[in-house]
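Structure, as structure tokens:
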Amino acid sequence: MSTGTPDQKPAVLFVCVHNAGRSQMAAGFLRAIAGDRIDVFSAGSEPADQVNQVAVAAMHEVGIEIVGQTPAILTTDAVRNADVVVTMGCGDACPLFPGKRYEDWELSDPAGLPIEDVRPIRDDVRGRVERLVATLV
């Protein structure tokens with residue numbers, strides 16, 4: 001089942017507070033798994049200056065590069081334009097629109113954690129993204 005119309009691919013927005021770890025890993029996995037079949041966006045309610053370097057290293061270990069990504073501020077338009085909004089601890093900062101599909105993924109924040117503790121978060125994100133893709137394509 002696809003949420004996009006036949007001539008429009010679905011759009012997924014991943015949101016976390018800093019847009020530096022969880023949401024960046026999720027976006028990286030979705031791009032790698034779905035290719036150009038799904039539009040992928042990520043943002044944060046309080047974006048960091050750069051992507052978490054431990055998250056970058058953890059993703060590199062599984063062959064996905066997120067080193068060139070930049071944290072972005074969450075906007076109302078970003079939510080409005082998404083078919084699916086996946087929140088990861090952004091609390092009430094994420095605007096709600098009727099008719100949107102929302103998922104709240106409870107994931108530990110990788111900020112400040114060593115790579116040994118980020119790997120299980122990364123692997124959890126991958127499984128969730130794989131399940132999400134199965135519902136969209």
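For reference, positions follow the sequence shown, starting with 1. The figures here come from the full heavy-atom set of this structure, side chains too, leaving out hydrogens, waters and symmetry mates. Please read all numbers here as calculations on a predicted model, not as lab measurements.
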Show the atom names and distances, to 0.1 Å, of all donor-acceptor pairs under 3.5 Å that link a side chain in residues 27-34 to residues at least two apart or in another chain.
none

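- Looking at Thr135 and Arg101, their side chains come closer than 4.5 Å, going by heavy atoms from C-beta outward.
- When every heavy atom of Lys9 is checked against every heavy atom of Asp36, the shortest pair comes out as NZ-O, 2.8 Å.
- Contacts classified as side chain to side chain donor-acceptor pair (under 3.5 Å) and involving residues 51-67 (residues at least two apart or in different chains) are given here: His60-Glu65, Glu61-Arg119, Glu61-Arg122.
- The nearest pair of heavy atoms linking Ala57 to Ile115 is CB-CD1, 3.8 Å.
- Asp124 is linked by a salt bridge (charged side-chain N to carboxylate O under 4.0 Å, His left out) to Arg128, counting only residues two or more places apart in sequence or in another chain.
- A side chain to side chain contact (heavy atoms under 4.5 Å, CB included) with Val12 is found for one member of Val133, Val84, Val85, Asp83 and no other, namely Val84.
- For Asp77, the side-chain hydrogen bond (donor to acceptor under 3.5 Å, both in side chains) partners two or more places apart in sequence, or in a different chain, are Arg80.
- Nearest heavy-atom pair across Ser42 and Gln24 is OG-NE2, 3.7 Å.
- Partners of Asn81 under the side-chain hydrogen bond (donor to acceptor under 3.5 Å, both in side chains) rule, at least two apart in sequence or in another chain, do not exist in this structure.
- Pairing each heavy atom of Gly44 with each of Pro47, the nearest pair is O-CD, 3.5 Å.
- Rounded to the nearest 0.5 angstrom, Asp104 CG and Met88 CE are separated by 9.5 Å.
- Nearest heavy-atom pair across Pro110 and Arg22 is CD-CG, 3.5 Å.
- With contacts defined as side-chain heavy-atom distances shorter than 4.5 Å, the pair Val125/Leu107 qualifies.
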| said: Before you tell me yes or no, could you show the steps for Val40 and Phe14 under side-chain contact (heavy atoms from CB on, under 4.5 Å), namely the whole-Å CA-CA distance, both residues' side-chain angles and the distance that decides it to 0.1 Å? | reply: CA-CA 8 Å; Val40 183; Phe14 294 105; 4.2 Å; yes
Using distance only, find each side-chain donor-acceptor pair of residues 66-76 under 3.5 Å and give its atom names and separation, not counting sequence neighbours.
from	atom 1	to	atom 2	distance (Å)
Thr75	OG1	Ala78	N	3.0

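- For the atom pair CZ of Arg131 and CZ of Arg126, the computed distance is 12.0 Å after rounding to the nearest 0.5 Å.
- Shown here for Ala82 and Leu13, the closest heavy-atom pair between the two residues is CB-CB, 3.8 Å.
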